[in-house]
2 protein chains.
Amino acid sequence: MPPSSPSLDSFDLAILAILQRDNTTPQRLIGEAVNLSAPAVQRRIKRMEQTGVVAGNVAIIEPAAVGQPITIFVEVELESERTELIDAAKRQFSQTPEVQQCYYVTGEADFILVITVADMGAYEALTRKLFFGSNNVRKFRTFVAMDRVKVGLTVPLPD
Amino acid sequence: MPPSSPSLDSFDLAILAILQRDNTTPQRLIGEAVNLSAPAVQRRIKRMEQTGVVAGNVAIIEPAAVGQPITIFVEVELESERTELIDAAKRQFSQTPEVQQCYYVTGEADFILVITVADMGAYEALTRKLFFGSNNVRKFRTFVAMDRVKVGLTVPLPD
DNA sequence: TATCCCGATGAAACAAACTTGCGTTTCGCA
DNA sequence: TGCGAAACGCAAGTTTGTTTCATCGGGATA
């Protein structure tokens, strides 16, 4: 459980705006941009990492470059919404590497998945494993991405 | 346009696996993990960044910590699929900060959006701007995320 | 088979960035 | 007015990133 965050001031937000665009930016440059010394920047970053405001620092890999050029969305509807079955589904989706993102949602579906695969054959095999293999999936709808218009985990920051 | 990548060997893939989990890992440690010297690691990373295999280095921000606790999926169906209108929609979605991800897809919808907002009021306002404001949106379906089961841009890497 | 060339490597030197300690300032509150 | 907590900047120390350079194969060619 992340420690509660004591709320962020405008310095923190300005720092976050930079880091979520490029976290290799030197603290010195960040400092110049926000009018703070490098150590001050460093302390704030450290605090936000410890409190969970910054959830991670990662390199973004181009899927096509590593043989996973196809992105697919799937809406999954379950037969039963018993808690244990929901949890079992969450667990299975989480453990599947091809499932890049998984959300439990309200509405006409129960889950929405973002899946990354090498080709449609791989997707077909995955559906067999994840959906047909489970007798708790009532149905699922597939959307193949023709264009990844905007991709990222960037969050809009308040002013 | 990213320069073509000459294909990656097992060293590159091992390095990528580490970086997409934590890109603050020192090159020295990466070197130990993959049996390479730090300079060798550094050259490979640099090359992969230049060829576009590594598309970015970013901090992941917890949306709830910056006042955007609600994640919403939207399937958007357009009235017309004329190229210019598609492109106009792509442009508008790309420019909207609350639209974190946008995909142009095949199937029963034209676009799938991942949206981040502070509350349902903000979402309602956004729908007015993006969908009702445009007379090219035939309909849209909303899915509110109750649980962000798995989030990230991690790509499965070949062995 | 010998030779040349190319690309990648590791060791070491170097530069840059990160991190810590410390004295000072600021600000809220008694 | 005085006290304490929190944050600051500076400067020193440490770690990390980067460049240089000599060397090591692997392949193509003669």
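Model, not experiment: these values are computed from the prediction.
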K.L.:
Looking at every heavy atom in both V99(A) and C102(A), which two are closest together, and how far apart are they?
P.N.:
CG1-CB, 4.0 Å
K.L.:
Would L130(B) end up clustered with I112(B) when hydrophobic side chains under 4.5 Å apart are linked, directly or stepwise?
P.N.:
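No, because L130(B) and I112(B) fall into different hydrophobic clusters, even though each may have its own neighbours under 4.5 Å.
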K.L.:
Nearest 0.5 angstrom please: I45(B) CD1 to L16(B) CG, how far?
P.N.:
8.5 Å
K.L.:
Consider ring-ring contact (aromatic ring centres under 6.0 Å, His included). Of F111(A), F131(A), Y123(A), F73(A), which one does F140(A) pass it with?
P.N.:
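When F111(A), F131(A), Y123(A), F73(A) are each tested with F140(A), the ring-ring contact (aromatic ring centres under 6.0 Å, His included) holds only for F131(A).
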K.L.:
May I ask you to check whether F93(A) and Y103(A) place their ring centres under 6.0 Å from each other?
P.N.:
no
K.L.:
With a 4.0 angstrom cut-off to heavy atoms of chain A, pull out the first and last contacting nucleotide of DNA chain C, in 5'-to-3' order.
P.N.:
dA17(C) to dG21(C)
K.L.:
I need the full list of side-chain hydrogen bond (donor to acceptor under 3.5 Å, both in side chains) pairs touching residues 14-25 of chain B, with sequence neighbours left out, sorted by first then second residue.
P.N.:
N23(A)-N23(B), D22(B)-T24(B), N23(B)-N57(B)
K.L.:
Among residues 17-31 of chain A, which contact DNA chain C at a heavy-atom distance under 4.0 Å?
P.N.:
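Here the set is P26(A), Q27(A), R28(A).
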K.L.:
On DNA chain C, nearest-nucleotide positions of Q42(A) versus P39(B): which is more 5'?
P.N.:
P39(B)
K.L.:
Which side-chain hydrogen bond (donor to acceptor under 3.5 Å, both in side chains) pairs, counting each pair once, include a residue from residues 146-158 of chain B, with sequence neighbours left out?
P.N.:
K90(A)-D147(B), E62(B)-R148(B)
K.L.:
Testing the basics here: between A65(B) and L8(A), what is the closest heavy-atom pair and its distance to 0.1 Å?
P.N.:
O-CD1, 3.8 Å
K.L.:
Which atoms form the tightest heavy-atom contact between G152(B) and L153(A), and what is the distance?
P.N.:
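Closest approach of G152(B) to L153(A): CA-CD1, 3.8 Å.
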K.L.:
Earliest and latest nucleotide of DNA chain D, 5' to 3', sitting under 4.0 Å from a non-hydrogen atom of chain B?
P.N.:
dT16(D) to dT20(D)
K.L.:
Taking the nucleotide of DNA chain C with the nearest heavy atom to each, does A38(A) or R43(B) sit closer to the 5' end?
P.N.:
R43(B)
K.L.:
How would you list all residue pairs meeting side-chain hydrogen bond (donor to acceptor under 3.5 Å, both in side chains) that involve residues 32-44 of chain A, not counting sequence neighbours?
P.N.:
D9(A)-R44(A), D12(A)-R44(A), Q27(A)-Q42(A)
